[in-house]
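What follows is one structure encoded as structure tokens, with my remarks underneath.
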2 protein chains.
Amino acid sequence: METGGVDKKRLYELLWGTPSGPRRGPRPTLTLDAIARAGIAIADADGLEGLTMQRVAESLAVTKMALYRYVPGKAELVALMLETAIGAPPPPPEGADWRGQLDDWTRQIFDRFRRHPWAQAATVAPRVPGPNELAWVERVVAALSDTGLTGDERLDVAVLLVGHARNLAQHTAAGTAPAQGREAAFAVLVSGREERFPALDAALRSIPTEAPGDQALDFGLARILDGIQALISTRATAAPPGDHPPPSRK
Amino acid sequence: METGGVDKKRLYELLWGTPSGPRRGPRPTLTLDAIARAGIAIADADGLEGLTMQRVAESLAVTKMALYRYVPGKAELVALMLETAIGAPPPPPEGADWRGQLDDWTRQIFDRFRRHPWAQAATVAPRVPGPNELAWVERVVAALSDTGLTGDERLDVAVLLVGHARNLAQHTAAGTAPAQGREAAFAVLVSGREERFPALDAALRSIPTEAPGDQALDFGLARILDGIQALISTRATAAPPGDHPPPSRK
DNA sequence: AGTACTCTGTATCCGACGGAAACAGTTTAG
DNA sequence: CTAAACTGTTTCCGTCGGATACAGAGTACT
């Protein structure tokens, strides 16, 4: 079953390889892109558990084994699907400062994760990033160019933001049909056990807001950006803008 | 194969059910706890892909099907393993304010995730929280009792912090043996494509710090706590302490 | 033009996995 | 002491990812 072991070399070629020139045998009937899209359609509908090589092949009107001419295995197919589903990052909003850019960036990538609920489950394993994934990271780092943050701090910001988006996409994907929110599910578990979870019980009682859905995303994002702003302010007063401050990491 | 569909009713009994009284047939040779620990040992060693009912049964010297007398299926076994591996939350540090408590809390749960790398992959699906998981959330909400935050804001903080810990646990689990950090992996991909990723290239060049490992955790955690502190300060000036401020959510 | 080579998709096969069903042995309730 | 309930085992099945061998299709070279 699921090998889990990914052929990193072949995966690199798969994600970063250029389309080669004219070759000898019969022309392929499929495209990497078409395969990825077929897999995405299936995973969007039934999740990663519903994604089998059989079903992908059927939806493309080929045999299961034909797919292995294009893709080394299922793990690499999922990686390719992820790269295709995430797509290229949209252009940053006009005239936005770093905060506006990062705010937009996080909502954009959150939207990608929400449209493809399987994607956030596919990003749990260590993986080889594709061109699109790297382009998204590039956007974050570029937005922070003139803030005086160090190189790895900018990368840390990217990790922080994408983690938040992914995390929230999971939580919103969880509360779909039945009980509307996590509060309802928690309340059921807490009820009858108030003495074990007093603070939780109090918190659940004092909830007046009927927020739509992206509320938790907004909350966390606002806190994170506030925290980054505080750091940038510190750096700005410590050193003139445009200059690289000394790394004051402990 | 992987059903994915979890019997929520049986899972609830599994996680929250109390040990029943004297029953009729032969006494069970196994314990739920022993099964969970056996599964944890296997998953710690070989990940969730290496976890099979067969191997768990072998390590307990029983047949595979014997496990199904205790656990409805593999998905529920993983949920039980998660609950056992996370364990009960440790007591908060003596005399710490909310910030100190949340800082310690995040590092504690990060440590759990790092000790059991499979755990963060097991928390991607919507699930029924167990007693331990709920107790961890209780700790966060309790730490924020006197901060003037609303009930769902406190829950949002819990989501934010656990998401960060899980996210960073994944990233540190990724960079284990071969190339030491994400910077090295990124640098390989960026090299030769500097014109496509100029900001990323600049960021990778300006990295002097040879940080040990928890650096990204520290960075994000500090930003998040700074952001929460900013919000609490706002609330404190708007309303006297101990009083519930009006929900100023947009 | 013809031939040899290479690439494609297919058919067949395999081991491993999660789980269902039926069974035999064991312990307690009446 | 008997009947009911519960345990662990055996046997079996469908599905999955993947290896291998093969036949046809198209191109490069002589």
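The chains referred to below are lettered A, B, ... by the order of the sequence lines, with proteins before strands, and numbering in each begins at 1. Values below: every heavy atom of this structure, side chains too, minus hydrogens, waters and symmetry copies.
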- Message: Test salt bridge (charged side-chain N to carboxylate O under 4.0 Å, His left out) on B:R37 and B:D44; report intermediate values, then the result.
- Response: CA-CA 10 Å; B:R37 291 185 190 285; B:D44 283 349; over 6 Å; no
- Evaluation steps, salt bridge (charged side-chain N to carboxylate O under 4.0 Å, His left out), between A:R114 and A:D111: CA-CA 5 Å; A:R114 209 188 27 172; A:D111 188 57; 2.8 Å; yes
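Between B:R55 atom CZ and C:dG18 atom P the separation is 11 Å, expressed in whole Å. Across the protein-nucleic acid pair, A:L77 atom CG and D:dC16 atom C1' stand 14 Å apart, rounded to whole Å. The nearest whole Å value for the distance from the CE atom in B:M53 to the C1' atom in C:dG18 is 8 Å. One can place CZ of A:R24 at 6 Å from C1' of C:dT6, the figure rounded to the nearest angstrom. Rounded to an integer number of Å, the gap from CD1 of A:I42 to C1' of D:dC16 is 14 Å. Distance B:L60 CG to D:dG8 C1': 13 Å, rounded to the nearest Å. Regarding B:R23, its CZ atom lies at a distance of 14 Å from the P atom of D:dA5, rounded to whole Å. Atom NZ of B:K74 and atom P of D:dT15 are 19 Å apart (whole Å).
Of the side-chain N and O atoms in B:R27, one or more sit less than 4.0 angstrom from OP1 or OP2 of C:dT28. Taking 4.0 angstrom as the limit, B:T52 places none of its side-chain polar atoms (N or O) nearer than this to OP1 or OP2 of C:dA16. Contact check, B:Y70 against D:dG8: a side-chain N or O comes under 4.0 Å of OP1 or OP2.
Closest to the side chain of B:T29, from the set C:dG19, C:dG9, D:dG8, is D:dG8. For B:Y68, the side-chain atoms get nearest to C:dG19 when compared with the rest of D:dG17, C:dG19, C:dT10. Of the listed nucleotides (D:dG8, D:dG18, C:dC7), C:dC7 has the atom at the smallest distance from the side chain of A:P26.
As judged by a 4.0 angstrom heavy-atom cut-off over every strand, A:T63 is placed among residues touching the sugar-phosphate backbone only. Among the protein residues, B:L51 comes within range of the sugar-phosphate backbone only, with heavy atoms under 4.0 Å from sugar or phosphate atoms but none that close to a base.
Nearest-nucleotide assignment on DNA chain C puts the 5′-proximal partner with A:L67, out of A:K64 and A:L67. Residue-to-nucleotide proximity on DNA chain C shows that, of A:R69 and B:M65, the 5′-proximal contact is made by A:R69.
A donor-acceptor contact closer than 3.5 angstrom links the side chains of A:Q170 and B:R166. Side-chain contact check for B:Q108 and B:R139: no donor-acceptor pair (N or O, by modelled atom type) lies under 3.5 Å.
Between the A:W118 side chain and the A:F113 main chain, no donor and acceptor come within less than 3.5 Å of each other.
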